[in-house]
Amino acid sequence: MIVIYGIDYKLNPIKAQMSDTLHQCMTLVLGLPENKRAHRFIPLDQSDFYYPEGRSDNYTVIEINMMAGRSEETKKQLIKMIFTQFQQQLNIQPIDVEITIKEQPAHCWGFRGMTGDEAQLNYKINV
């Protein structure tokens, strides 16, 4: 699951395109299936979104929650691809993007009535 935070008047008009961009990165780098999209957008009023000096109103925070198992190199490749694709496809500069990958063991995930370590997934976690 991916949670995206940004200033409402900047984030709302590009949510669909941003979701497509993120999902493209997830499928290319992690091998996620096309139908495995779980994005949550949190548009905030500018008065509720404080961010570091030197950033613009395009400042976007991306939290990627996933099961543990991907290699360090794979996670770095994903982060770098998101920076590149946001710049190319959304005109959001890397200085305005903050990405955090949060990993939990498979047994800490619950979906479809079972835990993640019990699920038969149609994609690999250890990439």
Side-chain angles (χ1 to χ4, degrees):
M1 179 188 316
I2 301 177
V3 183
I4 303 102
Y5 302 87
I7 296 175
D8 54 6
Y9 76 90
K10 288 291 199 172
L11 187 58
N12 285 331
I14 61 169
K15 284 191 287 195
Q17 187 180 4
M18 186 177 286
S19 179
D20 289 344
T21 300
L22 283 168
H23 195 60
Q24 177 187 32
C25 293
M26 300 294 283
T27 58
L28 289 173
V29 177
L30 301 182
L32 289 186
E34 188 58 40
N35 66 350
K36 179 73 174 147
R37 185 185 306 218
H39 301 166
R40 308 297 181 261
F41 287 88
I42 312 293
L44 299 165
D45 185 84
Q46 193 167 14
S47 66
D48 294 323
F49 195 42
Y50 293 88
Y51 46 87
E53 184 178 320
R55 303 328 187 263
S56 77
D57 288 353
N58 287 323
Y59 185 69
T60 305
V61 175
I62 302 167
E63 295 177 352
I64 301 171
N65 295 283
M66 61 186 181
M67 287 185 205
R70 277 78 175 198
S71 71
E72 180 179 322
E73 191 55 43
T74 297
K75 291 179 279 192
K76 289 172 73 170
Q77 182 182 357
L78 176 62
I79 289 169
K80 290 176 183 180
M81 180 176 275
I82 292 170
F83 285 140
T84 300
Q85 293 305 309
F86 267 46
Q87 185 171 17
Q88 289 177 359
Q89 296 185 31
L90 302 168
N91 200 29
I92 299 176
Q93 302 305 308
I95 190 75
D96 282 326
V97 180
E98 181 177 315
I99 303 164
T100 305
I101 295 177
K102 299 178 177 183
E103 293 181 294
Q104 303 84 22
H107 69 271
C108 292
W109 284 81
F111 49 87
R112 299 190 308 248
M114 65 190 83
T115 59
D117 59 333
E118 299 168 333
Q120 298 296 315
L121 302 174
N122 60 351
Y123 56 94
K124 295 179 183 180
I125 298 296
N126 298 314
V127 292

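Below, each value reflects all heavy atoms present in this structure, side chains not excepted, and no hydrogens, waters or symmetry copies.
No chain of hydrophobic side-chain contacts below 4.5 Å, direct or via other Ile, Leu, Val, Met, Phe, Trp or Tyr residues, connects M114 to M67. M66 and V3 fall into different hydrophobic clusters, defined by Ile, Leu, Val, Met, Phe, Trp and Tyr side-chain heavy atoms under 4.5 Å apart, directly or through other members. Cluster membership check: V97 does not share its hydrophobic cluster with I7, using side-chain heavy-atom separations under 4.5 Å among Ile, Leu, Val, Met, Phe, Trp and Tyr. No path of Ile, Leu, Val, Met, Phe, Trp and Tyr side chains, each step under 4.5 Å between heavy atoms, connects I79 with I95, placing them in separate hydrophobic clusters.
Closest non-hydrogen pair, P105 versus W109, comes out as O-CD1, 3.5 Å. Here the closest heavy-atom approach between residue Q104 and residue C108 is recorded as CB-CB, 4.0 Å.
Every side chain to side chain contact (heavy atoms under 4.5 Å, CB included) that Q88 has, sequence neighbours left out, goes to T84, Q85. Looking at residues two or more places apart in sequence or on another chain, you find no side-chain hydrogen bond (donor to acceptor under 3.5 Å, both in side chains) involving N58. Every side chain to side chain contact (heavy atoms under 4.5 Å, CB included) that I14 has, sequence neighbours left out, goes to M18, I92. By the salt bridge (charged side-chain N to carboxylate O under 4.0 Å, His left out) test, D20 is found to be paired with R37, residues two or more places apart in sequence or in another chain being considered. Shown here are the side-chain hydrogen bond (donor to acceptor under 3.5 Å, both in side chains) partners of K76, two or more places apart in sequence or in another chain: there are none.
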Can I get a per-line list of side-chain donor-acceptor pairs under 3.5 Å for residues 118-127, giving both atom names and the distance, sequence neighbours left out?
unit_1: E118; atom_1: OE1; unit_2: T115; atom_2: N; d: 3.0
unit_1: E118; atom_1: OE1; unit_2: T115; atom_2: OG1; d: 3.2

Name the atoms and distances for all side-chain donor-acceptor pairs under 3.5 Å in residues 39-46, with sequence neighbours left out.
unit_1: H39; atom_1: ND1; unit_2: S19; atom_2: OG; d: 2.7
unit_1: D45; atom_1: OD2; unit_2: S47; atom_2: N; d: 2.9
unit_1: D45; atom_1: OD2; unit_2: S47; atom_2: OG; d: 2.5
unit_1: Q46; atom_1: NE2; unit_2: D57; atom_2: OD1; d: 3.1
unit_1: Q46; atom_1: NE2; unit_2: D57; atom_2: OD2; d: 3.4

What side-chain donor-acceptor pairs closer than 3.5 Å can you find for residues 22-36, not counting sequence neighbours?
unit_1: H23; atom_1: NE2; unit_2: P33; atom_2: O; d: 3.4
unit_1: H23; atom_1: NE2; unit_2: E34; atom_2: O; d: 2.9
unit_1: Q24; atom_1: OE1; unit_2: Q89; atom_2: NE2; d: 3.1
unit_1: T27; atom_1: OG1; unit_2: H23; atom_2: O; d: 3.2
unit_1: T27; atom_1: OG1; unit_2: Q24; atom_2: O; d: 2.9

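Atoms OG1 and CG, from T60 and L11 in turn, are 6.5 Å apart once rounded to the nearest 0.5 Å. In this structure, CG in L90 is found 4.0 Å from OG1 in T21, a value given to the nearest 0.5 Å. Interatomic distance, I99 CD1 to I2 CD1, rounded to the nearest 0.5 Å: 9.5 Å.
Identified under the ring pair (Phe, Tyr, Trp, His ring centres under 6.0 Å) test for residues 49-80, with sequence neighbours left out: F49-Y51, F49-Y59, Y51-Y59. Counting only residues at least two apart or on different chains, the salt bridge (Lys or Arg N to Asp or Glu O under 4.0 Å) pairs with a member in residues 98-109 are E63-K102, K75-E103.
The side-chain heavy atoms of D96 and F86, taken from C-beta on, include no pair separated by under 4.5 Å.
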